[in-house]
Amino acid sequence: MRLWQSLRDQICGGDSKTAAENDRLSLAFRHEEYEALRLTIGLRYAVCIIVATILSIEMGWPLALNYYGYLGAFAFSAYLQLLLRKPELDRPWMHWLFPFIDMALLTAAIVLPNPFDLNPLPAPMRLGFDTILYVALFVVLSALGQSARTVLHTTLAAILCWSVGTMYIAMQPDVTFGSRFDNILHMPMAERIDYILNPWNVRLGEFLPRIILIGLIGLLLAVSVMRSRTLLARQVESERARRNLSRHFSPHIAEELSRMDDALGQVKQLDAAVLFADLVGFTQIADDHTPEQTIGILREVHQRLSRAVADNAGTLDKYLGDGIMASFGPPRPGPRDASAALLAARAKLREMDLLNRQRRLLRQVPLQLAVGIHYGPLTLGNIGDETRVEYALIGETVNVAHRLEQMTRSLNAQLCLSQAFVDRLVEETRGDQGAVRDMVALKPQPIRGLRDRMVLWILARPAITAEADAPEPTPTIH
């Protein structure tokens with residue numbers, strides 16, 4: 001039933017379900033059909049030249065002159081199709097008209113007598129088996145147009161025009177229409193030979209198989225074209241769904257979620273770096289600006305922060321009002337996750353310096369960013385139910401990273417790192433502490449929610465002055 005429905009839609013001019021639900025996809029298909037039409041027409045011109053050459057060699061002058069006119073008509077029909085069929089304006093009647101014009105021309109070229117032939121052969125001989133190959137050739141050429149509708153219309157036109165042409169031959173004087181339904185193999189040998197070789201006989205036993213063969217070729221080609229379009233539509237739909245998913249999740253997480261068959265997926269545990277970044281005093285900034293200006297500031301800041309995460313192979317887990325949460329390691333840990341997290345943090349600070357430089361020129365209040373990073377074990381997985389899920393990072397590492405970002409206010413720091421993070425960083429850089437040479441290690445500090453104190457590394461917040469336009473050079477991570 002599904003195949004029949006698809007075929008009926010193609011014959012009647014309906015698009016596939018995917019194309020009907022998506023106008024842009026339907027238009028993209030029409031553009032591809034138009035490009036395929038141009039290719040098909042180019043091939044048709046080449047075929048016309050080849051056929052004209054063959055006819056000139058086989059028939060000579062002036063017999064071949066009759067077929068030059070038909071070949072010219074084929075070429076002109078192709079030109080009209082290219083002129084009238086445009087992707088932006090789909091005219092369904094063209095999918096019917098031009099296949100019938102082409103098949104009518106082809107059938108006329110085969111069955112009508114050649115006016116330059118003074119000694120014509122019996123009319124039924126023009127229906128020889130080799131002539132039906134030209135009909136099959138046009139059906140195959142129609143499949144290059146990537147439109148199952150055009151293939152089906154061409155097939156129907158071929159069957160109808162060939163049937164009319166056969167009936168025209170059968171109605172000629174002295175022509176007999178062989179209508180034996182019994183097996184000719186049961187006939188006597190002499191009668192069988194006479195029946196087969198009789199040049200004035202149009203045999204039903206040859207007519208029906210040829211019509212059925214053309215129909216099967218067209219049907220198989222139409223199904224093949226529909227199948228290829230369906231696969232392409234599914235691929236486009238899958239890619240669009242992935243892009244939509246990437247708007248809500250980081251590309252790394254979106255890729256992971258796209259592979260999941262289970263809505264909730266599997267739970268993972270791994271070691272990773274978690275980064276929190278937040279604007280300092282944003283409540284006061286929001287009070288001093290209009291809602292439109294506040295949203296504009298947030299968009300500008302989010303764009304710069306998210307770009308710093310993406311450029312360093314991080315995962316932007318969520319936006320937190322005036323800040324973000326990012327992770328480096330999920331969903332698959334790498335050998336340089338801590339290094340990437342520190343590079344991203346310093347990139348964020350540079351971006352804020354550049355933004356503040358622009359704001360000073362506009363006499364706007366500079367923005368201050370606070371960043372906290374911790375490294376440790378994480379639990380990853382989908383939370384929620386079958387109807388709505390959220391990919392979450394859970395564990396003490398997340399809480400500690402958030403606490404470090406909050407502690408930057410009391411420590412007058414713009415960047416705060418845990419000792420566990422620095423240890424991992426030194427391990428990745430093979431003992432090189434150059435990446436934190438501009439930072440200060442504090443004595444063990446109490447962390448809210450933790451029983452033990454923790455050694456912290458901070459990057460002091462520079463004084464905001466009118467001359468502080470050039471950011472400090474970033475230490476190199478080897």
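Model, not experiment: these values are computed from the prediction. For this chain, numbers begin at 1 and follow the sequence in order.
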I need the [X] [atom1] to [Y] [atom2] distance, nearest 0.5 Å.
X    : Y    : atom1 : atom2 : result
S77  : L105 : OG    : CG    : 6.5 Å
H302 : L305 : NE2   : CG    : 7.0 Å
L342 : R336 : CG    : CZ    : 10.5 Å
R227 : L220 : CZ    : CG    : 15.0 Å
M103 : L156 : CE    : CG    : 11.5 Å
R359 : N356 : CZ    : CG    : 7.0 Å

Quick one: closest heavy-atom pair of [X] and [Y], and the distance?
X    : Y    : result
A344 : N312 : CA-ND2, 3.5 Å
P377 : D271 : CA-OD1, 3.2 Å
F276 : H402 : CD1-N, 3.5 Å
F282 : D322 : CB-OD2, 3.1 Å
L393 : V398 : O-CG2, 3.7 Å
G329 : D337 : CA-OD2, 3.3 Å

Margin query: If you count every heavy atom of other residues, nucleotides or ligands that lies below 6.0 Å from M171 atom CE, does the total exceed 12?
Written below: no

Note to self: Take a 6.0 Å sphere around CZ of F116 and say whether it holds more than 12 heavy atoms from other residues, nucleotides or ligands.
What the structure shows: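 Yes, the 6.0 Å shell around CZ holds more than 12 heavy atoms from other groups.
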
Next item on the list: For side chain to side chain contact (heavy atoms under 4.5 Å, CB included), just list the numbers for R299 and Q303, CA-CA rounded to whole Å, side-chain angles, deciding distance to a tenth of an Å, and then say yes or no.
Entry: CA-CA 6 Å; R299 288 175 177 171; Q303 180 181 11; over 6 Å; no

Just by modelled atom types, is the [Y] backbone N or O under 3.5 Å from a matching donor or acceptor in the [X] side chain?
X    : Y    : result
T155 : G215 : no
T290 : Q293 : yes
D317 : A392 : no
T107 : A104 : no

Is any side-chain heavy atom of [X] closer than 4.5 Å to a side-chain heavy atom of [Y]?
X    : Y    : value
T379 : K268 : no
D278 : L369 : no
L380 : V267 : no
V301 : E351 : no
I110 : W162 : yes
Q364 : R360 : no
R424 : E428 : yes
Q269 : L378 : no

Note to self: With side chain to side chain contact (heavy atoms under 4.5 Å, CB included) as the criterion, how do V274 and F328 come out once you've worked through the C-alpha distance, each side chain's angles and the decisive distance to 0.1 Å?
What the structure shows: CA-CA 6 Å; V274 178; F328 297 81; over 6 Å; no

Margin query: Whether the S56 and Y68 side chains hold a donor-acceptor pair (N or O, under 3.5 Å, no angle test) is what I'd like checked.
Written below: yes

Next item on the list: Evaluate the side chain to side chain contact (heavy atoms under 4.5 Å, CB included) criterion for residues I373 and E405: first the C-alpha distance (whole Å), next the side-chain angles of each, then the deciding distance (0.1 Å), finally the verdict.
Entry: CA-CA 7 Å; I373 313 178; E405 178 268 315; over 6 Å; no

Item checked: Among V47, I41, L43, the one residue meeting side-chain contact (heavy atoms from CB on, under 4.5 Å) with Y45 -> I41

Next item on the list: Using side-chain contact (heavy atoms from CB on, under 4.5 Å) as the criterion, point out the one residue from I159, L152, L221 that pairs with V139.
Entry: L221

Next item on the list: Show your working on side chain to side chain contact (heavy atoms under 4.5 Å, CB included) between S306 and I324 and close with a plain yes or no.
Entry: CA-CA 8 Å; S306 60; I324 66 168; 5.8 Å; no

